[in-house]
Protein chains: 2
Amino acid sequence: MPPRLDVDARRAQLARAVWHVVLTQGVGAVSVRTVAHEAGVAVGSLRHVFPTRAELLEFSAELIVQRAAERVRAVPQDGDPLAHALAVLEELLPLDATRRAEMEVNLALVAEAPALPRLAAIRDEAAAGIALLCRQAVERLGGRDDESTVRRLHALLDGLALHLLSQEPGEDVTWARALLRAELERIASHHG
Amino acid sequence: MPPRLDVDARRAQLARAVWHVVLTQGVGAVSVRTVAHEAGVAVGSLRHVFPTRAELLEFSAELIVQRAAERVRAVPQDGDPLAHALAVLEELLPLDATRRAEMEVNLALVAEAPALPRLAAIRDEAAAGIALLCRQAVERLGGRDDESTVRRLHALLDGLALHLLSQEPGEDVTWARALLRAELERIASHHG
DNA sequence: CACGTTGTAGCACGGTCGTGCCACAACGAA
DNA sequence: TTCGTTGTGGCACGACCGTGCTACAACGTG
């Protein structure tokens, strides 16, 4: 007895509409009306799956984190630890339109955190996940598993992400990949 | 013939009110009414110095950048290039309540950039200024003035700033200073 | 004194906001 | 068929929004 409406699909559709509004009109333009209109449904239908605006925003943020986590999980685990680590961490860099949009939306939603405390919690969970990935990368590369090594990698990763975000969508991104690769090679060469 | 009202002081007072609202209620709560109330003036008075809401927000963002630039300019230029570079770049890290608030507000305002394009321009100017400081630091430390060295330092700096922001206000910050110092020492030891 | 300038205070308009609430269609189960 | 469930669409309320506009007080200048 499947429900006549696929609630999860509808939720994802509305979350995508949120992302689109954020990207084109800014997070200030996100309202139940604009999002419903963007998704092509009535406000009442939106409110059937998201009774309040907060739930809509929180789900949208959670879905972004979840998508990124899935992409990381889907990275093939071949023999070369450096190539694998690079591939994993590059999934967290806005190197194409999709990842760029995700990061931009995430940043905008996080900026609303004082009003929606749940968003701060989502941000913290995501940060913890990325920190874990950095730690695993350091371990598999055989680097010193200093706390400082992990933290430097993590900070460098997020700093690169931030700078990629503020350059125009079409611009060159190879410099960022090269910098990340250099850091991973540097970690691998410092055995401890 | 000084004007009876110090317009610049009034503007700064209102900008501070903007910051306070952003920090306590989120950027979504910034309106001419809330800001005027926070500053203890009538809406009409606010609009006497900031005819539109956009001008209020833009000035608030500009003032933050300007303050940071002044702090950097005020760093004493002693003999040790490493200590000087460290002191300069630490001014751009949210290591105390003041710098923390500045950065938090800046992030929130930047998230509004799609709606207020002027804010994106302010963000880009600030980024260019920080990039210049990073370049100067690399030069004075005698490091390779690779583009990649400068970009790496800049990314690490902003990544550290981001991570400091998401930890609680009272927590330990020495790890970030240590990481920044290590990076500068590394640059100084790679002559080219 | 009168007069223009400067600054304060606030009313009112048209609009958008989130949300409570209801009417109604579509459907499966009885 | 009749019923309850599920989903759609939308009206309406009170609140808040930015801003155009006016009334008025306070002041320097003539």
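Throughout, protein chains are lettered first and strands after them, A, B, ... in sequence-line order, and every chain is numbered starting at 1.
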Polar atom pairs (N or O), protein with nucleotides 22-24 of chain C, under 3.5 Å:
none

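Near DNA chain C, meaning a heavy atom under 4.0 Å from it, residues 15-43 of chain B has B/A42 in order of number. The stretch residues 45-58 of chain B touches DNA chain D through B/R47, B/T52, B/R53, each having a heavy atom within less than 4.0 Å of the strand.
A salt bridge links A/E90 with A/R177: at least one charged nitrogen is closer than 4.0 Å to a carboxylate oxygen. Between A/E104 and A/R99, none of the side-chain N atoms (NZ, or NE/NH1/NH2) sits under 4.0 Å from a carboxylate O, so this pair counts as no salt bridge. Between A/R53 and A/E58, no side-chain nitrogen of the basic residue sits less than 4.0 Å from a carboxylate oxygen of the acidic one, so the salt-bridge criterion is not met.
A/R151 contributes no side-chain N or O that, together with a main-chain N or O of B/W175, makes up a donor-acceptor pair within less than 3.5 Å.
Under the 4.5 Å side-chain criterion, counting only non-hydrogen atoms from C-beta, A/I64 is in contact with A/W19. The side-chain heavy atoms of A/L153 and A/L89, taken from C-beta on, include a pair separated by under 4.5 Å. For the pair A/H84 and A/D78, the minimum side-chain heavy-atom distance is below 4.5 Å. For the pair B/L160/A/D158, no side-chain contact is recorded, criterion being any heavy-atom separation below 4.5 Å from C-beta on.
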Determine, stepwise, if the pair B/R152 / B/E183 fulfils salt bridge (Lys or Arg N to Asp or Glu O under 4.0 Å). CA-CA 9 Å; B/R152 179 189 153 96; B/E183 175 71 6; 2.9 Å; yes
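Contact between the side-chain N/O atoms of B/R10 and the OP1/OP2 oxygens of C/dT6 is not found at any separation under 4.0 Å.
For residues 109-118 of chain A, the pairs satisfying side-chain hydrogen bond (donor to acceptor under 3.5 Å, both in side chains) are A/E62-A/R118, with sequence neighbours left out.
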Would you list the atom pairs, donor with acceptor, under 3.5 Å between side chains in residues 20-31 of chain A and any protein atom, with sequence neighbours excluded?
residue: A/H20; atom: ND1; partner: A/E38; partner atom: OE1; Å: 3.2
residue: A/H20; atom: ND1; partner: A/E38; partner atom: OE2; Å: 3.0
residue: A/T24; atom: OG1; partner: A/H20; partner atom: O; Å: 2.8
residue: A/S31; atom: OG; partner: A/R33; partner atom: N; Å: 3.4
residue: A/S31; atom: OG; partner: A/T34; partner atom: N; Å: 3.1
residue: A/S31; atom: OG; partner: A/T34; partner atom: OG1; Å: 3.2

Dot-bracket encoding per residue of DNA chain C, Watson-Crick/G-U cut-off under 3.5 Å, | denoting interstrand: ||||||||||||||||||||||||||||||
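Paired with A/E91 under the rule side chain to side chain contact (heavy atoms under 4.5 Å, CB included), one option of A/R73, A/E70, A/R71 passes, and it is A/R71.
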